[in-house]
Structure formats: structure tokens, C-alpha cells
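For reference, the structure is listed below as C-alpha cells.
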Amino acid sequence: QVQLVESGGGLVQAGGSLRLSCAASGQHISNYDMGWFRQAPGKEREFVAGIDRSGSSTYYSDSVKGRFTISRDNAKNTIYLNSNSLKPEDTAVYYCAADRGLKYFSSSYYGADEYDYWGQGTQVTVSS
């Protein structure tokens with residue numbers, strides 16, 4: 001299995017930016033499709049962004065499209081989420097996740113149940 005550790009969260013003002021990182025160990029992330037999810041208190045975990053194992057395809061929720069960018073550096077065994085123009089409604093715990101890819105990622109990336117391994121999360125708080 002793969003272990004995932006997120007970092008880079010913090011408190012930022014609306015309109016600011018953060019770069020979240022997810023460092024993997026135990027397995028090469030080149031073997032996995034990867035995703036970012038977020039969960040606000042009392043809310044369901046929601047999809048934010050996904051990237052296939054090669055980095056050739058990316059996917060975004062409508063709420064972050066144009067503001068967030070997912071990327072991966074397989075040599076560093078790390079994925080990133082660059083977030084710009086942050087809004088208070090972006091406040092949540094952000095989780096990275098790894099998908100073994102037993103289903104076609106293009107039709108399953110948005111579902112939390114698709115992913116097999118999860119990090120502990122990093123808090124992002126955006127003040128108004």
C-alpha cells in the first residue's frame with residue numbers, strides 16, 4: 001500500500017493562494033491515479049481535482065475550475081494542488097487520495113469510493 005501525507009495548508013485571506021503537497025511513500029505514485037478531495041465540518045467529502053497516472057488528463061469540480069491546478073511529479077513521488085483566488089467557501093480539510101485504477105479513471109475520478117488510500121488531511125482556512 002501507499003502512505004500519503006499532505007502539507008501546505010494554513011490560514012489565508014480571500015483572494016490569496018496556497019500550494020498543497022502530498023508526499024507518497026511505500027509505492028511509486030506512477031502506479032496510481034490521484035485525487036484531491038475536501039471536507040468542511042458537517043459536510044460530505046467532495047471531489048476537488050484528479051489527475052491520471054501519467055499526468056495526461058486532469059479533472060476539476062466546477063467550483064474550483066480555473067482557480068485550482070493539480071499536478072504531479074512522479075520523480076519526487078509527490079502531487080500538488082495550486083489554489084488561487086481562494087474564497088471563504090474553499091475552507092475545508094483537504095485530502096489527497098490514490099486510486100489503483102481498477103476502473104476507468106475518466107468515469108470514476110469524482111467518487112470518493114473509487115480511491116483506495118487516503119492521507120490525514122491538511123486544513124485550509126480562508127478568511128473573508
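Positions are given from 1, in the same order as the sequence printed here. Given the structure is predicted, the values throughout are model-derived calculations rather than measurements.
In this structure, Asp33 CG and Ser108 OG are separated by 7.5 Å, a value rounded to the nearest 0.5 Å. Atom OH of Tyr59 sits about 14.5 Å away from atom OG of Ser61, to the nearest 0.5 Å. Taken to the nearest 0.5 Å, the CD1 atom of Ile79 stands 8.5 Å off from the OG atom of Ser71.
A donor-acceptor pair under 3.5 Å is formed between the side chain of Gln39 and the backbone N or O of Lys43. Put simply, the side chain of Arg53 never gets that close to the backbone of Ser30: no donor and acceptor are under 3.5 Å apart.
Between Val48 and Phe68 there is a side-chain heavy-atom pair separated by less than 4.5 Å. In this structure, the side chains of Arg72 and Thr78 stay at 4.5 Å or more apart for every pair of heavy atoms.
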Side chains of residues 15-24: which donor-acceptor partners sit under 3.5 Å, not counting sequence neighbours?
unit_1: Ser17; atom_1: OG; unit_2: Asn84; atom_2: OD1; d: 2.9

Without placing hydrogens or testing angles, list every side-chain donor-acceptor pair under 3.5 Å for residues 94-103, not counting sequence neighbours.
unit_1: Tyr94; atom_1: OH; unit_2: Arg38; atom_2: NH1; d: 2.9
unit_1: Tyr94; atom_1: OH; unit_2: Asp90; atom_2: O; d: 2.6
unit_1: Asp99; atom_1: OD1; unit_2: Gly101; atom_2: N; d: 2.9
unit_1: Arg100; atom_1: NE; unit_2: Asp116; atom_2: OD1; d: 3.3
unit_1: Arg100; atom_1: NE; unit_2: Asp116; atom_2: OD2; d: 3.2
unit_1: Arg100; atom_1: NH2; unit_2: Asp116; atom_2: OD1; d: 3.1

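Residue Ile29 is not grouped with residue Tyr109 when hydrophobic side chains (ILVMFWY) are merged at heavy-atom distances under 4.5 angstrom, including chains of intermediate members. Linking ILVMFWY side-chain heavy atoms closer than 4.5 Å, directly or via other members, places Tyr117 and Met34 in a single hydrophobic cluster. Under a hydrophobic clustering in which Ile, Leu, Val, Met, Phe, Trp and Tyr are joined whenever their side-chain heavy atoms come within less than 4.5 Å, directly or via other members, Leu81 and Val2 fall into the same cluster. A single hydrophobic cluster is not seen to contain both Trp118 and Val124; linkage of ILVMFWY side chains at heavy-atom distances under 4.5 Å, directly or through other members, places them apart. Residue Tyr80 is not grouped with residue Leu4 when hydrophobic side chains (ILVMFWY) are merged at heavy-atom distances under 4.5 angstrom, including chains of intermediate members.
The ring of Tyr60 has its center no closer than 6.0 angstrom to the ring center of Phe47. Between Phe37 and Tyr115, the distance separating the two ring centers is shorter than 6.0 angstrom.
The neighbour count for Tyr110 OH, taken as heavy atoms of other residues, nucleotides or ligands under 6.0 Å away, does not exceed 12.
Nearest approach of Ile70 to Trp36, heavy atoms of both residues: CD1-CD1, 3.5 Å. Nearest heavy atom pair, residue Gly9 against residue Thr122, reads N-OG1, 3.2 Å. Closest heavy-atom contact between Gln123 and Ala92: NE2-O, 3.4 Å. Here the closest non-hydrogen pair linking Ala14 and Ser128 is CB-CA, 4.5 Å.
For Ser54, the side chain to side chain contact (heavy atoms under 4.5 Å, CB included) test picks out Asp52, Ser56, with sequence neighbours left out.
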(message) Evaluate Lys87 against Val126 for side chain to side chain contact (heavy atoms under 4.5 Å, CB included), listing each step before the verdict.
(response) CA-CA 6 Å; Lys87 305 173 181 179; Val126 184; 5.5 Å; no
